[in-house]
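So the structure is just underneath, and the comments pick up after that.
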Amino acid sequence: MSGTGRAVALAAAALIVASNGAAQSRTTFEQATPVLSSLPSNLPRELRGRSTAEMARLWPAWVEQHDRDVRARLARGDEDSLVNFWLYGTSFTSHPPAVARESATPSSALDDIIKNRLEDLLDRVTAPGDNERLQSARRMLAARNADPSDASGRERARRFLLDTRLRMIREFAGTEQALAAARPGGAAVLTAANATIFRDRGLSSDTSILSDYSVHVALETIARQRTLAPGSVRRVAVVGPGLDFTNKTDGYDYYPQQTTQPFALIDTLRRLGLAAAGLQVTTFDINGRVNDHLRNAASRAASSSGYVVTLPLAEREGWIAAVEAYWQQWGQAIGNEVAAVPAPAPAGAVKTRAVRIQPALVSSIVPRDLNIVVDRLPTASDERFDLIVATNVLVYYDVFEQALAAANVAAMLRPGGVLVTNTAVLPTTPLRPTASYLRVAHTAERYDEMFWYQREND
């Protein structure tokens with residue numbers, strides 16, 4: 001290919017068409033230079049030790065390979081969700097979730113529960129009906145040559161799920177070992193370990209109201225400190241909004257799939273008086289299931305049933321009083337409480353709230369396919385975001401990738417705009433850390449560490 005041909009190909013590759021027809025651009029070498037210069041020991045193997053000219057030559061290929069690699073990790077994240085669905089879901093089986101609650105279930109009995117649940121799942125997957133999760137499960141299995149509609153396919157599906165569960169067990173054990181090794185080093189070492197322990201894991205789309213609560217508490221402090229002024233938040237982006245398929249703790253699946261964070265964020269901004277009139281929300285995600293769900297959400301909101309967010313709360317959760325109060329108030333500024341779908345018996349003792357979101361809010365959300373590590377959205381100065389939120393996203397990347405993501409966020413923020421995240425990053429100019437940091441408790445043992453960064457004036 002000629003030099004001109006290569007230039008044309010690279011220019012074409014640099015533009016990715018987003019879901020609404022506009023284009024975002026790949027991060028150029030020039031845009032990435034501040035990160036490359038500030039983190040020489042953290043560069044990826046392909047770029048480490050190279051001259052500036054060599055890195056510039058290799059950069060476009062590295063960006064494209066990174067995008068392919070990170071999108072491949074989506075498949076492993078979906079596999080993790082499928083295993084959680086098998087172990088904890090309640091829509092396809094009468095057996096209890098496969099959780100040894102407070103050692104009340106002997107290991108032998110738990111093994112039987114796991115085996116019986118697997119057979120029930122494979123039975124139901126072959127006739128999923130209108131169950132979205134079972135439909136997704138069948139598509140996942142079929143894509144891996146493991147459609148359980150015949151005996152050989154069923155055996156392949158059984159083996160695939162068992163092997164995936166073993167992989168997850170090994171990964172969780174490795175995570176615990178890394179954290180145990182970091183704890184003697186104190187808070188700084190532990191925070192650094194927490195920031196990178198998932199960098200080789202599958203990208204999960206699962207979401208949780210606990211993340212919504214952590215962002216709410218952070219924004220309360222931001223509002224109190226006037227880092228963002230009242231009524232100043234007009235444009236917001238959510239990186240990795242998530243999709244409630246089956247969570248890792250309880251596996252609730254007795255209600256339609258849903259996303260919560262975009263709506264929770266609007267609710268919080270309104271309740272705190274930060275939202276401007278005509279608030280606009282954009283979501284960034286590379287998961288097709290998440291983007292499709294958000295694109296189809298408007299038609300669901302306009303239907304007779306509406307877009308309803310279901311909020312389960314099990315007695316066993318042990319949430320602190322402030323989290324439970326947040327759960328009780330969730331959605332009051334964005335919708336109306338409606339009758340909730342009752343939890344099935346296998347789910348145990350669960351209280352459930354349900355909020356029907358205002359249709360106009362649902363249809364106003366704009367989903368975009370964007371890889372925050374290597375993509376940015378070109379925006380005019382008056383169209384930049386006032387606030388960008390990224391929870392349980394940056395933790396899946398290493399220090400260099402996190403810094404690249406922060407640089408892309410900074411390019412999309414207005415001067416004075418804020419990034420809120422639960423992963424500490426190393427920002428480069430024009431993004432600067434604020435003096436504030438919060439540990440947000442969920443239970444007596446579980447918490448989020450919340451950080452925020454502000455873009456400096458141009």
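Start at 1 with the first residue, then count along the sequence.
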Under a 4.5 Å cut-off applied to non-hydrogen side-chain atoms, are [X] and [Y] in contact?
| X | Y | result |
| --- | --- | --- |
| Met450 | Val215 | yes |
| Leu377 | Phe385 | yes |
| Met55 | Thr33 | no |
| Leu361 | Val281 | no |
| Asp78 | Asn287 | yes |
| Arg439 | Glu449 | yes |
| Trp327 | Glu317 | no |
| Leu394 | Val239 | no |

For the pair Asp80 and Arg167, evaluate side-chain contact (heavy atoms from CB on, under 4.5 Å) and give the outcome as yes or no after the intermediate values. CA-CA 9 Å; Asp80 294 355; Arg167 170 181 64 75; 2.8 Å; yes
Which heavy atom of [X] sits nearest to which heavy atom of [Y], and what is that distance?
| X | Y | result |
| --- | --- | --- |
| Leu404 | Ala32 | CD2-CB, 3.8 Å |
| Ala390 | Thr421 | O-OG1, 2.8 Å |
| Leu110 | Ala98 | CD1-C, 3.6 Å |
| Leu134 | Pro128 | CB-CB, 3.6 Å |
| Arg376 | Pro378 | O-CD, 3.3 Å |
| Leu438 | Ala218 | CD1-CA, 3.9 Å |

Treating [X] as the side-chain partner and [Y] as the backbone partner, does any N or O pair qualify as donor plus acceptor under 3.5 Å?
| X | Y | value |
| --- | --- | --- |
| Glu401 | Asp398 | yes |
| Gln258 | Thr310 | yes |
| Arg270 | Ile334 | no |
| Ser37 | Pro34 | no |
| Arg117 | Gly89 | yes |
| Gln454 | Gly416 | yes |
| Arg50 | Glu46 | yes |
| Asp253 | Ser91 | yes |
| Arg353 | Leu311 | no |
| Thr379 | Met412 | no |

Answer yes or no: is there an ion pair linking [X] with [Y], defined by an N-O contact shorter than 4.0 Å?
| X | Y | value |
| --- | --- | --- |
| Asp67 | Arg71 | yes |
| Arg289 | Asp292 | no |
| Glu220 | Arg224 | no |

Verify the distance criterion only: is there a donor paired with an acceptor across the side chains of [X] and [Y] at less than 3.5 Å?
| X | Y | value |
| --- | --- | --- |
| Asp386 | Ser232 | no |
| Asp244 | Tyr255 | yes |
| Gln135 | Arg138 | no |
| Thr268 | Arg271 | no |
| Gln402 | Thr423 | no |

Run the side chain to side chain contact (heavy atoms under 4.5 Å, CB included) test against Ala277 and tell me which residues pass, sequence neighbours left out. none
Should the ring pair [X] and [Y] be called parallel, tilted or perpendicular, given that the plane angle runs from 0 to 90° and is split at 30 and 60?
| X | Y | answer |
| --- | --- | --- |
| Tyr254 | Tyr252 | perpendicular |
| Tyr437 | Phe451 | tilted |
| His216 | Tyr326 | tilted |

Full working for side-chain contact (heavy atoms from CB on, under 4.5 Å) between Tyr213 and Ser208: CA-CA 9 Å; Tyr213 172 72; Ser208 167; over 6 Å; no
Can you list the steps and then say if Thr27 with Val63 is a side-chain contact (heavy atoms from CB on, under 4.5 Å)? CA-CA 8 Å; Thr27 307; Val63 166; 5.6 Å; no
Option passing side chain to side chain contact (heavy atoms under 4.5 Å, CB included) with [X] (candidates [options]):
| X | options | answer |
| --- | --- | --- |
| Pro262 | Thr260, Leu265, Thr259, Ile266 | Thr259 |
| Val70 | Ile372, Ile286, Val373 | Ile286 |
| Asp448 | Asn422, Val217, Leu210, Thr391 | Asn422 |

Please report the interatomic distance [atom1]([X]) to [atom2]([Y]), rounded to the nearest 0.5 Å.
| X | Y | atom1 | atom2 | result |
| --- | --- | --- | --- | --- |
| Thr52 | Leu36 | OG1 | CG | 9.0 Å |
| Asp285 | Leu243 | CG | CG | 9.0 Å |
| His442 | Ile209 | NE2 | CD1 | 10.5 Å |
| Arg414 | Ser381 | CZ | OG | 12.0 Å |
| Glu79 | Thr164 | CD | OG1 | 5.0 Å |
| Phe85 | Leu161 | CZ | CG | 11.0 Å |

On the ring face of Tyr88, is Arg133 found with NZ or CZ under 6.0 Å from the centre and within 45° of the axis? no
Run the side-chain contact (heavy atoms from CB on, under 4.5 Å) check on Gln225 and Trp452 step by step: do they pass? CA-CA 12 Å; Gln225 296 175 344; Trp452 51 96; 4.1 Å; yes
